[in-house]
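Before any comments, here is the structure.
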Amino acid sequence: MSHGFDELRARLDGGLVLPTDPGYDEAREIFNEMHDLRPGAVATVRSAQDVAHAVRFAGEHGLTLAVRGGGHSLPGFSACDDGLMIDLRGLSAVEVDPERRVAHVGGGTTWGQLNEATHAYGLSTPGGVISTTGVAGLTLGGGIGYLSREYGLACDNVVEAQVVIPDGSIVRCSEDERADLFWGIKGGGGNFGVVTEFTFRLHPVSEIQGGPTFFVPDVGVLRGFRDLLARAPREFGTLTGITRTPPLLFIAEEYHGRPTVVVITCWTGEQAGLTEILDEMKEWGTVTGQHVGPMPYPVINTLFDELLPFGLRHYWKSLVAASITDEAIETHALQAPSVPNMESGMFFHPIDGACRDVDVAASAFPHRDARCVVGVYGSWHDASDDEAYRQWVRTSHAALQTHYEPTEYVNFAPADDPDAARTIYGPNYDRLADVKATYDPGNLLRRNQNVPPAPA
């Protein structure tokens, strides 16, 4: 076998899948169909020790190394051509300690698996709006979710992690142990090691009031959302954006497929507070449909699952909003008719509230003074449409760019900007490069928004 993969296979408790083996296509599958990558081998690991063997093997043989958690890396970093892909799906156990309100979460776990496990105890932690998203990738980039205004980013709720670093060592990190590594994994992406287990802080969230409200797109609706967000209590979580109306039963058929502003509500407070917010929403503009009601918290993280399954093609870009001006709102409204399908759109992900309680120097995540991440998402079915959708994203992003900060959110950044990391991490970049030099001086982990190691 090339690269001596038979040697690696003998070391693993899990398996090793080669291009000639049954199940190879399933093993290399990732979320974004645009990236049809063919690794030289896929290590289907079953333990941190398996990961250590694979990481060490890749380093010894000079192989490109990719790490697949949930497989949702939009630029396709979860896989690679010719090198070694580590598939963490075998590390998906969740152990909940309800008395300490923590969960020990394997590096291959999805948010759906984590949410279901913690919900059994009436507990939750922020992160993920599609249940098939991997816990690891989302958390390593920061992790914005419906509970973030109340409880912070996913990475803010990590209290400890087990990491396989590039020399093959299995280490733990926390505020008190390898604090530099712990700082780096809280927003710095997969630059420093392969996280095989997270320990998350949990919160008493079981049932929420949630669901979507759809509007005819109008500047008044967007201004209403902007003004509400500025003063809403932290119990109000939301994902709000411009897309096309899906064919839902509670929306009149005449609106199906037409541009819309959708406000997805996730409310954890008292009913009176939600009633006040919903009454205010009715004053913003024409409501075409609304379905807000009680649901288990895990359910709200599945609302996009059917719309965005594995197998679609994606090109996303993002911006960071320190504020949302009237001029920005007018530009969003002008772009509304151009949204090409209901899988695509321009969305506001709030990162105010508890996210801003953390100092910018306290973690690698750099956008602590911002109000929202603004995502421009192109998602489609057919390869023949690739260029048209990429161009729509680029054009829409360019139109909005003058209104927002000259940076972006690492989890939504595409792969076509080789200097993206410096722009993304801004004031934290040099420190990240120092941490990289400590733990990965050879830059083995470069299938990411890469931070090269600082010079010795």
Side-chain angles (χ1 to χ4, degrees), residues 1-59 61 63-94 105-114 128 130-141 161-166 168 170 189-191 193-198 309-311 444-448:
M1 300 179 186
S2 62
H3 301 300
F5 281 132
D6 51 346
E7 175 189 347
L8 176 58
R9 190 196 295 273
R11 296 180 191 174
L12 298 176
D13 291 329
L16 193 71
V17 184
L18 302 181
T20 55
D21 291 335
Y24 174 74
D25 286 336
E26 180 181 354
R28 69 186 180 91
E29 179 192 30
I30 59 175
F31 182 67
N32 189 350
E33 189 76 9
M34 282 190 74
H35 303 289
D36 185 20
L37 302 170
R38 302 185 65 83
V42 181
T44 56
V45 298
R46 294 289 180 266
S47 66
Q49 190 60 58
D50 272 359
V51 175
H53 286 314
V55 168
R56 193 176 296 116
F57 183 88
H61 291 78
L63 297 176
T64 299
L65 182 65
V67 183
R68 184 202 194 280
H72 271 245
S73 169
L74 291 157
F77 294 146
S78 304
C80 58
D81 277 327
D82 300 325
L84 178 62
M85 176 181 177
I86 300 177
D87 180 359
L88 297 178
R89 280 177 284 187
L91 304 180
S92 59
V94 180
V105 182
T109 306
T110 65
W111 282 103
Q113 292 169 325
L114 174 55
I130 301 174
S131 73
T132 58
T133 304
V135 168
L138 186 113
T139 301
L140 291 172
Q162 181 186 74
V163 186
V164 176
I165 57 178
I170 303 171
N191 272 287
V194 182
V195 180
T196 51
E197 183 183 272
F198 296 88
F310 272 68
L444 176 66
L445 293 166
R446 56 186 180 273
R447 289 286 295 163
N448 45 45

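This is a predicted model, so every value here is computed, not measured. Worth knowing before you read on, the calculation uses all heavy atoms, side chains too, and leaves out hydrogens, waters and symmetry mates.
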Is Asp87 reaching over with its side chain to a backbone N or O of Ala43, donor-acceptor style, under 3.5 angstrom? no
Nearest heavy-atom pair of Val195 and Ala161: which atoms, and what distance? CG1-CB, 4.2 Å
Looking at Arg46, is its backbone amide N or carbonyl O close enough to the side chain of Asp50 to form a donor-acceptor pair, meaning the two atoms are under 3.5 Å apart? yes
Test Asp13 against Gln49 for side-chain contact (heavy atoms from CB on, under 4.5 Å), laying out the working first. CA-CA 9 Å; Asp13 291 329; Gln49 190 60 58; 5.7 Å; no
Here the pair of heavy atoms bringing Ala79 nearest to Met85 is CB-SD, 3.9 Å
Backbone of Glu29 reached by a side-chain donor or acceptor of Arg68 within 3.5 Å: yes
Nearest 0.5 Å, please: how far is CG in Leu8 from CZ in Arg56? 11.0 Å
List the residues meeting side chain to side chain donor-acceptor pair (under 3.5 Å) with Thr132, not counting sequence neighbours, and say none if there are none. His72
Side chain to side chain, Leu37 and Cys80, heavy atoms closer than 4.5 Å: no
Value rounded to 0.5 Å, distance of CG in Asn448 from OG in Ser78: 11.0 Å
Going by heavy atoms in the side chains, are His53 and Val164 under 4.5 Å from each other? no
Arg447 vs Thr64 side-chain heavy atoms within contact, under 4.5 Å: yes
Separation of Arg89 CZ from Thr44 OG1 (nearest 0.5 Å): 9.0 Å
Close aromatic pair by centroid cut-off 6.0 Å: Phe57 and His61: yes
State, to 0.1 Å, how close Phe5 and Leu18 come at their nearest heavy-atom pair, and which atoms those are. CD1-CD2, 4.0 Å
Among Leu65, Ile165, Leu84, find the one that has a side chain to side chain contact (heavy atoms under 4.5 Å, CB included) with Val55. Leu65
Ignoring hydrogens and geometry, is there a side-chain-to-backbone donor-acceptor pair from Gln113 to Thr110 under 3.5 Å? yes
How far apart are the C-alpha atoms of Asp81 and Arg28, what are their side-chain angles, what is the distance that settles it, and do they pass the salt bridge (charged side-chain N to carboxylate O under 4.0 Å, His left out) test? CA-CA 10 Å; Asp81 277 327; Arg28 69 186 180 91; over 6 Å; no
Tell me, do Arg11 and Leu16 make a side-chain contact under 4.5 Å, heavy atoms counted? no
Ser131 side-chain N/O to Trp111 backbone N/O, donor-acceptor pair under 3.5 Å: no
For the side chain of Asp82 and the backbone of Pro39, is there at least one donor-acceptor N/O pair under 3.5 Å apart? no
Side-chain heavy-atom pair Leu91, Thr109 within 4.5 angstrom cut-off: no
Give a yes or no answer on whether the side chain of Asp36 reaches the backbone of Glu33 with a donor-acceptor pair at less than 3.5 Å. no
Strictly distance-based, threshold 3.5 Å: is any side-chain N or O of Thr139 a donor or acceptor partner for the main-chain N or O of Val135? yes
Less than 4.5 Å apart, any side-chain heavy atom of Arg38 and any of Tyr24? yes
Can you see which heavy atom on Gly190 is nearest to which on Leu445, and at what distance? O-CB, 3.6 Å
Can you tell me how far apart CG (Leu88) and OG1 (Thr196) are? Round to the nearest 0.5 Å. 8.5 Å
